[in-house]
Amino acid sequence: MKLAKAYDPNQYEPNIYAMWEEGGAFEPTGVGEPFSIVMPPPNANGNLHMGHALTVNLEDIMARYYRMRGRDVIYIPGADHAGFETWVVYDKILEGQGRNRFDFTREQLYSQVWNFVEQQRGNMELQLRALGVSASWKHLVFTLDKKVIDTVYKTFKKLWDEGLIYRGERIVNYSTKYQTSYADIEVDHKLEKGTLWNIAYPTYDKIGEIIIATTRPETLFGDTAVAVHPDDERYKDLIGTRVLLPLTGREIPIIADEFVDPTFGTGAVKVTPAHDPNDFEMSQRHNLEKIQVIDFDGKMINVPSQFAGLTVDVARKRTLAALEAEELLRGETTIEHSVGYDYKSGLPIQPLIKDQWFLKISTLAKRAKEAIEKNEITFTPESRKRILVQYLDNLRDWNLSRQIPWGIPIPAFQNVDDSNDWIFDERVDEKTISVNGKKYQREEDTLDTWFSSGQWPFITTDAMTNGPLSRFYPNSVMETGVDILDRWVARMIMLGLYNTGKVPFKHVYLHGLILDEKGQKMSKSKGNVVNPMETIAKYGSDALRLGVIANRSAGQNQAFGIDKVMAGRNFCNKLWNIARFAEDRLGSGYRNVIAKPMTIADHWIIRELNNSISDIEKKIESYRFAEASDTIYHTIWDSVADWYIEASKLQDNPTMLAWVMDTILKLAHPFAPFVTETIWQTIPANNKLLISSKWPVKATYDEIAAAEFGRLIKLVDEARYVIADLPGNVRYDLLYQNDSLIADNRLLIQRLAKLKSVQMVDQARGLRLAASGREAWLDISTKTLDEHQTKLEARLKDINALIKSFEARLANDTYVKKAPAELVEETRTQLEQKKAHAERLVNELKILK
RNA sequence: GGGCGCUUAGCUCAGUUGGCUAGAGCGCCUGCUUUACACGCAGGAGGUCGGGGGUUCGAGCCCCUCAGCGCCCACCA
């Protein structure tokens with residue numbers, strides 16, 4: 001097969017992928033030490049974005065690398081029903097149809113969304129294939145698969161039986177837009193300026209008054225007390241008395257509670273148990289009534305008729321106006337406070353009282369913390385470990401209930417005759433069940449998605465049932481975004497330890513966000529999203545992979561630059577052209593890939609590639625992917641293409657060229673899987689797939705020969721550098737005396753340095769190549785030499801500066817004594833070399849004078 | 001109120017336990033129809049590593065401090 005001049009990725013990628021998949025290359029071999037990565041499941045219903053591209057590319061690099069290293073690798077793909085996220089999308093569709101969720105039953109909605117997701121699914125999986133993931137499709141898990149639900153229910157039951165799950169009336173973060181409660185973490189807190197109003201509450205005898213301070217006057221209808229600090233002298237006499245709640249005339253008590261900060265506002269605070277978490281807690285302590293005045297749709301209830309049905313904003317204005325009319329406003333101040341917003345709709349979150357299912361978190365969190373502190377799980381970057389521990393320390397009980405139909409139903413039923421009698425039962429498809437002659441009604445809420453995705457590592461590997469994949473639990477690495485460290489990683493650790501007694505994974509690698517070119521977060525609303533599929537169509541999948549991982553360090557947010565992708569595309573083309581060169585030289589019959597070095601270039605390239613092999617191993621294994629990729633790029637481009645290939649044009653050694661090809665294709669494969677496999681397939685001797693072949697091993701070489709070629713490079717470099725400075729575009733003769741390196745490689749040096757000739761002379765003349773220190777001169781005229789004089793002087797100045805700094809270092813006794821002997825020795829050698837170089841330059845300049 | 005991160009070439013960023021004569025990609029400048037590649041070849045310019053102080057033989061890296069930018073967590077009305 002004759003390779004085209006330029007690599008066209010789109011022509012090959014789909015076929016290559018199909019070849020891998022059909023060849024079973026993604027399946028674990030069952031041989032070797034297990035290595036496992038579970039993909040954070042992308043939303044089944046959406047398109048992939050750049051963040052996904054980064055995630056799966058990093059994961060796939062590890063999967064391919066360890067597979068080639070002989071490990072028993074599984075990379076398990078997934079698809080997420082993305083409960084609330086998907087629900088928001090579907091809710092919009094309903095809205096567009098002029099309907100809402102209350103027009104349907106839970107079953108109807110569930111099956112509608114199921115169908116909707118069904119239509120979209122597959123799309124995401126095709127996109128993952130385009131990204132080149134070597135994932136085991138056979139083992140793909142969808143977050144609503146039966147085995148997921150079964151395991152989740154088992155976990156729920158276990159927690160229930162052990163008393164860790166309870167139902168309680170609590171203040172929850174409520175989205176009035178989507179009519180569901182949120183976890184604490186789903187609330188966006190924004191620091192903003194607000195008004196603190198002082199409002200007078202008349203004493204019961206209407207003679208005095210107590211002034212409270214509040215940012216939410218509209219909730220006063222739900223007040224059931226006024227609280228002051230027990231030690232506050234100002235209010236001491238009022239404690240235990242009653243005040244009249246403005247606009248209603250209802251009598252409420254003045255209570256004393258340590259919670260109140262006497263220095264804030266007026267030192268007196270209204271207590272609204274149904275709409276404020278602190279007030280709720282006070283109400284528990286003081287046995288206060290809870291009156292809900294904001295309904296789940298965000299409108300006022302249980303208030304005087306002129307306020308009923310108003311939205312919160314309008315109610316606030318009217319309440320203030322009414323208070324004003326009654327002359328109860330006592331001024332206002334501006335304060336900065338944090339307000340919770342719905343992370344989806346951007347509307348304020350209403351703290352509301354609701355019966356919800358909670359998971360007691362403290363024992364789970366404590367265990368997770370211990371495992372992390374004992375380094376049973378390690379982190380890249382390491383600094384995130386502390387953040388996670390801190391998070392676990394402050395975690396409160398987890399609200400598991402969501403009032404959305406798209407999710408896993410909570411398997412709980414309530415006795416219709418005894419509201420306190422709840423039982424666990426998995427028959428969630430039935431509205432009512434009867435147990436022991438009693439009738440039970442099902443819970444209509446669903447579980448928070450993170451409750452099920454928090455169990456992902458042991459669900460996907462069937463660790464609970466000891467299935468064939470259970471050897472892959474704990475997972476080797478969990479790779480995901482820093483942004484879901486607490487909401488996902490923390491929960492996987494807690495639930496993993498709880499359920500299996502083992503950590504769910506041994507290492508956590510966290511990548512940063514991909515920002516747009518200006519450093520802004522990519523988002524649909526800003527319209528700055530770069531679609532990875534478009535990038536692939538334009539530059540190829542490998543180019544995207546190389547571009548997206550380039551120059552990126554763990555945990556660090558970084559802008560996406562198309563120039564890196566273009567560099568990746570160019571690299572693939574370089575690789576392609578190296579292959580074309582090899583094809584020319586080797587024809588189609590070579591199969592011997594045992595390195596048999598003959599020339600000094602051969603020895604040198606073995607040394608270079610040997611170094612790269614260990615370097616890349618070290619970097620991948622320590623999660624420094626960008627550095628590993630950079631090493632491959634420069635090894636192949638600089639060492640192989642620019643030096644070795646150029647050298648082998650004159651001194652060819654087919655077995656070596658074959659070995660070099662073999663080695664670089666393997667080294668580059670995890671980072672550019674498509675182009676390397678494409679090339680591999682053009683080599684007839686390779687009847688196997690590259691993806692399934694073994695990682696390259698080092699070859700033996702002669703150090704002296706390798707060093708010789710190193711010196712040749714130095715000479716050529718200097719010749720090129722000097723010639724580039726000389727005027728015009730002239731080819732010069734290189735003269736030498738008594739120099740076997742030059743004598744043995746005359747033609748090679750001539751070609752590489754673009755010289756007219758390389759000749760041995762008795763009498764030297766022209767310009768000595770002073771830096772490389774060889775007995776070599778460029779044969780240039782005195783006139784040209786003269787013109788070159790200032791350049792020489794500038795170089796001499798630089799070298800003298802270096803000499804001075806080396807000398808100063810060596811003159812320093814403590815340096816010589818304290819620095820490692822090796823380093824001191826190196827400094828001495830460098831000094832000698834620079835001195836010799838300077839001396840040669842001085843001689844050149846003398847000749848000119 | 002706590003916590004974290006960033007500040008290195010014109011731009012986007014690397015830089016592992018301190019050894020640096022500070023790197024990459026892109027951009028820029030000068031040459032090149034060299035028979036694998038212009039998605040290329042050869043050469044080059046460009047940095048007081050945010051400011052100040054300290055530790056050390058030696059600091060981009062460690063410590064203190066100041067400034068600017070960004071992020072996360074937190075139930076103070």
Side-chain angles (χ1 to χ4, degrees), chain A residues 3 5-7 171 173 184-185 189 196 212-216 227 259-261 264-266 268-272 276-281 335 337-338 340 351 381 383-384 386-387 390-391 394 396 482-483 485-486 512-513 517 519 539 543 547 550-553 555-564 566-585 618-619 622 624 626-627 630 633-634 641-642 645-646 649 717 720-721 723-725 728-729 751-754 798 801-802 805-806 809 812-820 822-824 826-827 830 834:
Chain A
L3 299 181
K5 193 168 171 182
Y7 174 59
I171 292 280
N173 310 301
D184 292 338
I185 205 155
H189 292 275
L196 186 67
I212 59 92
T214 183
T215 54
R216 302 206 56 188
F259 165 78
V260 180
D261 174 2
F264 186 90
T266 59
V269 59
K270 63 198 268 308
V271 181
T272 321
D276 183 281
N278 295 311
D279 294 2
F280 179 85
E281 278 169 27
I335 57 158
H337 64 149
S338 109
S383 59
R384 292 285 158 177
R386 258 187 60 209
I387 296 172
Q390 211 173 303
Y391 173 78
N394 298 314
R396 297 187 305 151
V482 262
D483 51 324
L485 176 67
D486 357 278
L513 260 56
E517 264 158 338
Y539 301 102
N551 245 337
R552 183 179 289 278
S553 58
Q556 217 54 54
N557 294 351
Q558 200 198 107
F560 174 77
I562 197 72
D563 55 348
K564 299 270 167 51
M566 285 166 74
R569 189 255 333 243
N570 295 353
F571 174 74
C572 293
N573 192 242
K574 193 72 186 177
L575 213 43
W576 184 256
N577 275 287
I578 292 171
R580 288 181 67 216
F581 175 81
E583 188 186 41
D584 275 358
R585 298 291 156 144
K618 212 170 73 192
K619 282 168 177 165
S622 52
R624 303 204 304 266
E627 288 178 63
D630 189 63
Y633 180 98
H634 288 286
D642 291 346
I645 298 279
E646 288 308 317
K649 283 177 180 172
D717 271 344
R720 284 172 174 172
Y721 172 80
I723 292 167
D725 265 352
N729 182 21
R751 184 189 166 90
L752 292 175
K754 287 181 75 177
D798 290 347
L802 262 181
S805 90
F806 288 143
R809 211 176 292 173
N812 185 340
D813 267 0
T814 28
Y815 173 71
V816 178
K817 258 191 275 172
K818 287 195 178 176
E822 251 177 43
L823 198 71
V824 177
E826 198 186 315
T827 310
Q830 281 177 328
K834 290 297 161 193

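Chain identifiers are assigned alphabetically (A, B, ...) following the order of the sequence lines, protein sequences preceding nucleic acid strands; residue numbering begins at 1 within each chain. Predicted, not measured: the structure shown is a model, and the values here were computed from it.
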Counting any heavy atom closer than 4.0 Å, what does A/Arg720 reach on the DNA or RNA strands: base, sugar-phosphate only, or nothing? sugar-phosphate

Looking at A/Glu646 and A/Arg751, would you say the former's side chain and the latter's main chain have a donor-acceptor pair under 3.5 Å? no

Rounded distance in Å between the P positions of B/rG15 and B/rU8: 14 Å

Considering only atom P, compute the distance from B/rG5 to B/rG31 and round it to an integer number of Å. 49 Å

Want to settle it: does A/Thr215 or A/Glu826 sit nearer the 5' end of RNA chain B, counting the closest nucleotide to each? A/Glu826

Complement of B/rC61, any strand, by Watson-Crick or G-U distances under 3.5 angstrom: none

Looking at every strand, decide which applies to A/Gln556 at a 4.0 Å heavy-atom threshold: base, sugar-phosphate, or nothing. sugar-phosphate

At 4.0 Å (heavy atoms only), tell me whether A/Lys618 reaches a base, stays on the sugar-phosphate, or touches nothing. nothing

Touch class at under 4.0 angstrom, heavy-atom based, for A/Ser622 against every strand present: nothing

B/rU33 -> Watson-Crick or G-U wobble partner, both distances under 3.5 Å, gives none

How long is the gap from CD1 on A/Ile645 to CZ on A/Arg585, to the nearest 0.5 Å? 9.0 Å

Less than 3.5 Å between a donor and an acceptor, one on the side chain of A/Gln390 and one on the base of B/rA74, is that the case here? no

Taking atom P in both B/rC61 and B/rU17, what distance in whole Å separates the two? 12 Å

If I pick the C1' atom on B/rG47 and the same atom on B/rC28, what distance separates them, to the nearest angstrom? 16 Å

May I ask you to say what A/Phe806 touches in the nucleic acid, namely base, sugar-phosphate or nothing, with a heavy-atom cut-off under 4.0 Å? base

Heavy atoms from C-beta onward define the side chain here; which of B/rC76, B/rC37, B/rU34 lies closest to that of A/Asn573? B/rC37

Give one of base, sugar-phosphate or nothing for A/Asp584, where a contact means two heavy atoms less than 4.0 Å apart. sugar-phosphate

So A/Asn394, base contact, sugar-phosphate only, or nothing? Heavy-atom distance under 4.0 Å. nothing

Begin from the C-alpha positions of A/Thr215 and A/Leu196 and carry the test side-chain contact (heavy atoms from CB on, under 4.5 Å) through to its verdict. CA-CA 5 Å; A/Thr215 54; A/Leu196 186 67; 3.8 Å; yes

What orientation do A/Phe571 and A/Tyr633 show, parallel under 30°, tilted 30 to 60°, or perpendicular over 60°? parallel

C1' atom, B/rC62 versus B/rU55: distance in rounded Å? 8 Å

From NZ of A/Lys834 across to C1' of B/rU21 the rounded distance in Å is 8 Å

Remember a base hit wins even if backbone is also touched, and classify A/Ala579 as base, sugar-phosphate or nothing at under 4.0 Å, heavy atoms. nothing

Could you check how far CG of A/Asn570 sits from P of B/rG27, rounded to whole Å? 9 Å

If we call it a pair only when both distances are under 3.5 Å in a Watson-Crick or G-U wobble match, what pairs with B/rG1? B/rC73

A/Tyr391 or A/Cys572, whichever maps to the more 5' nucleotide of RNA chain B: A/Cys572

When rounded to the nearest Å, what value does the distance between C1' atoms of B/rG51 and B/rG60 take? 15 Å

Taking the side chain of A/Tyr815 as its heavy atoms from C-beta onward, which of B/rA36, B/rG19, B/rA24 lies nearest to it? B/rG19

side-chain contact (heavy atoms from CB on, under 4.5 Å) evaluation trace for A/Tyr391 with A/Leu485: CA-CA 10 Å; A/Tyr391 173 78; A/Leu485 176 67; over 6 Å; no

Could you please name the partner base of B/rG46, counting Watson-Crick and G-U wobble pairs only when both distances are under 3.5 Å? none

Under 4.0 Å, counting only non-hydrogen atoms across every strand here, what does A/Ala559 touch: a base, just sugar-phosphate, or nothing? sugar-phosphate

Distance from A/Leu752 atom CG to A/Asp642 atom CG, nearest 0.5 Å? 10.5 Å

Can you tell me how far C1' in B/rG53 sits from the matching atom in B/rC13, rounded to whole Å? 29 Å

Have a look at A/Pro820 and say if it touches a base, only the backbone sugar-phosphate, or nothing, with a 4.0 Å heavy-atom cut-off. base

Provide the Watson-Crick or G-U wobble partner of B/rU12, both distances under 3.5 Å; none if there is no partner. B/rA24

At under 4.0 Å between heavy atoms, what does A/Lys5 touch on the DNA or RNA strands: base, sugar-phosphate, or nothing? sugar-phosphate

Nucleotide nearest A/Ala819 when distance is taken to its side chain, options B/rC57, B/rA14, B/rG25: B/rC57

With the side chain defined as heavy atoms from C-beta on, A/Asn551 is closest, among B/rA42, B/rU34, B/rC13, to B/rC13

Taking N and O atoms by type only, does the side chain of A/Gln830 place a donor or acceptor under 3.5 Å from a partner on the base of B/rU21? yes

For a quick check of understanding: with a heavy-atom distance under 4.0 Å over all strands, which category does A/Ala567 fall into, base, sugar-phosphate or nothing? sugar-phosphate

Is there a donor-acceptor pair under 3.5 Å between the side chain of A/Asn394 and the backbone N or O of A/Gln390? yes

Of the listed B/rA36, B/rG25, B/rG5, the closest approach to the A/Lys564 side chain comes from B/rG25

Answer with yes or no whether the side chains of A/Asn812 and A/Arg809 bring together a donor and an acceptor at under 3.5 Å. no

Mind checking A/Arg386 for me? I need base, sugar-phosphate or nothing, with any heavy atom below 4.0 Å counting as a touch. sugar-phosphate

Mind checking A/Phe571 for me? I need base, sugar-phosphate or nothing, with any heavy atom below 4.0 Å counting as a touch. nothing

For B/rG58 versus B/rC11, give the span between their P atoms, rounded off to a whole number of Å. 33 Å

